[in-house]
J.: 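One structure, pasted below without further comment.
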Amino acid sequence: MTTGVRHDYGMSEVVELSRDGAVLGIDPADGGRIVSLVIAGAERILPKGRARAVEPALYWGCYPMVPWAGRLSNGRIPTNDGEVRLEPNLPPSAIHGLGFDKSWEIVERSESAVTMTCELRGLGWPFGGRALHTVRMGVNRVELELWLGDYTKAGPAGLGWHPWFTRPPDAALELRVNGSEVLVLDGDLAPTGAVRRVTPIEDLRSGPPLGDRRLDHVYVRTKSPAIVRWPDLELRIEYDTNLETVVVYTPLEGICVEPQSMWPNAPLLAAAGVRGTGLRTLEPGDTMTAATRWMWSV
């Protein structure tokens, strides 16, 4: 077994972990993200070279979403001290947090795991804070953990992951998400606060073939696990009960199955009286954690 070895993946130094023939690559300098996962000889994570060559770096790998997940309409965050405005990185929204395009620092390494940290102070986030992302390799599994804390004043908090899984053009993929409700979205794909039942095309509870379905939906009150099936592999995405919101996005180049602790646009919705958004408010001294596990069988 070869583990904990650093290799050169293009311009970046990548931490590589391997177990029983599966090989995992993590790039701390590129958002603390997983850049590769080879199982049974095939790449399962959409690599940078096959992704859209656009900025921001949202369209490849698997990156942590912290200190919020999903979209914030016009970057707006209501607080007791007035409204905070973040710079939209995908106008008109601020999207997927602050860590996906930042450099993370390795704070702990072993033969089977790496833990990285990202300082949120100085990134336009007025609440301070620090995040930790741990990636652990096991037998037929990858475990991901996020920690958020060290706020200097009370502020909103949300965690999640945004994996891009490969979608070979000639492969019949199946996707199971155990959720019967999705959020109603506005023209900018931000939730309005309303919830509706899934349509037949959106209903993934039976694990149907994706075919030519082009989905971009927020499934709420879901139950773990979600399951992705390639012809040669089943991947179970298990997640904590505080990650029951799952965004599914299925463009041509890949599929995204994103467990997260909060609805997109949760700060605005919660301020308007919408319940059940999953939004947390962290006070100084508070912490928040989340975990997900990928388990596979060939």
Side-chain angles (χ1 to χ4, degrees), residues 12 27-33 48 51-52 54-107 115-134 146-162 164 186 188-191 218 245 247 256 258 260-272 277-290:
S12 297
D27 192 343
D30 207 337
R33 79 180 69 202
K48 188 174 185 178
R52 301 177 214 176
V54 296
E55 294 294 337
L58 298 169
Y59 302 102
W60 66 282
C62 173
Y63 49 85
M65 296 186 287
V66 61
W68 80 87
R71 297 171 184 266
L72 300 178
S73 292
N74 299 300
R76 297 175 59 197
I77 300 177
T79 75
N80 292 334
D81 299 323
E83 187 172 88
V84 170
R85 282 291 186 103
L86 304 177
E87 185 69 27
N89 56 3
L90 193 67
S93 299
I95 191 169
H96 296 343
L98 299 172
F100 69 86
D101 60 352
K102 304 301 187 299
S103 181
W104 293 58
E105 177 185 355
I106 295 176
V107 294
T115 297
M116 303 159 284
T117 186
C118 181
E119 187 70 42
L120 302 177
R121 296 178 182 87
L123 300 182
W125 186 248
F127 312 102
R130 180 172 63 95
L132 292 172
H133 187 209
T134 297
L146 277 171
W147 177 95
L148 178 61
D150 290 352
Y151 272 36
T152 54
K153 65 177 182 177
L159 299 172
W161 285 268
H162 195 304
W164 280 85
D186 66 18
D188 295 320
L189 299 179
V218 184
T245 297
V247 175
C256 306
E258 311 159 34
Q260 52 196 60
S261 66
M262 59 179 277
W263 294 4
N265 219 26
L268 277 176
L269 298 177
T277 67
L279 182 68
R280 284 278 306 274
T281 297
L282 288 192
E283 301 280 349
D286 289 346
T287 63
M288 181 179 181
T289 61

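Not measured: the values here are computed from a predicted model.
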J.: Counting only N and O atoms by type, is there a donor-acceptor contact under 3.5 Å from the side chain of Asn265 to the main-chain atoms of Ala190?
T.: no
J.: How many angstroms lie between CG in Leu132 and OG1 in Thr289, if you round to the nearest 0.5 Å?
T.: 11.0 Å
J.: Could you list the residues that satisfy salt bridge (charged side-chain N to carboxylate O under 4.0 Å, His left out) with Glu105, not counting sequence neighbours?
T.: none
J.: Looking only at non-hydrogen atoms, find the nearest pair between Pro91 and Asn89 and report the distance.
T.: CD-C, 3.7 Å
J.: How close do Ser261 and Met288 get, counting heavy atoms only, and between which atoms?
T.: OG-CE, 3.3 Å
J.: Can you find a heavy atom in the side chain of Tyr151 that is under 4.5 Å from one in the side chain of Asp286?
T.: no
J.: Write out all pairs satisfying ring pair (Phe, Tyr, Trp, His ring centres under 6.0 Å) with one or both partners inside residues 72-103, taking only residues at least two apart or from two chains.
T.: Tyr63-Phe100, His96-His162
J.: When rounded to the nearest 0.5 angstrom, what distance separates CG in Leu282 from CZ in Phe127?
T.: 10.5 Å
J.: Set out, in order, the CA-CA distance, both residues' side-chain angles and the distance that settles side chain to side chain contact (heavy atoms under 4.5 Å, CB included) for Arg121 and Thr152, then state yes or no.
T.: CA-CA 9 Å; Arg121 296 178 182 87; Thr152 54; 3.7 Å; yes
J.: Give a yes or no answer on whether the side chain of Arg33 reaches the backbone of Asp30 with a donor-acceptor pair at less than 3.5 Å.
T.: yes
J.: Working to the nearest 0.5 angstrom, can you tell me the gap between Trp125 CH2 and Leu120 CG?
T.: 8.0 Å
J.: Ala154 and Thr281: which non-hydrogen atoms are nearest, and at how many Å?
T.: CB-CG2, 4.3 Å
J.: Can you name the salt bridge (charged side-chain N to carboxylate O under 4.0 Å, His left out) partners of Arg130, sequence neighbours left out?
T.: Asp150
J.: Within the 4.5 Å heavy-atom criterion, are Val66 and Cys118 side-chain neighbours or not?
T.: no
J.: Just verifying a value: how many Å separate Thr79 OG1 and Lys153 NZ, rounded to the nearest 0.5 Å?
T.: 6.5 Å
J.: Over all heavy atoms of both residues, which pair between Arg85 and Asn74 is shortest? Give the atoms and the distance, please.
T.: CD-O, 3.7 Å
J.: With Leu86 as reference, evaluate Ile95, Leu123, Ile77 under the side chain to side chain contact (heavy atoms under 4.5 Å, CB included) test and give the passing residue.
T.: Ile77
J.: What distance separates Trp104 CH2 from Thr115 OG1, expressed to the nearest 0.5 Å?
T.: 10.5 Å
J.: For a 4.5 angstrom cut-off between non-hydrogen side-chain atoms, does Trp147 reach Thr134?
T.: no
J.: State, with a plain yes or no, whether a side-chain heavy atom of Pro78 is found less than 4.5 Å away from one of Pro267.
T.: yes
J.: Could you tell me which non-hydrogen atom of Asp188 sits nearest to which non-hydrogen atom of Arg71, and how far apart they are?
T.: O-NH1, 3.6 Å
J.: Which pair of non-hydrogen atoms, one from Glu119 and one from Gly129, has the smallest distance, and what is that distance?
T.: OE2-O, 3.3 Å
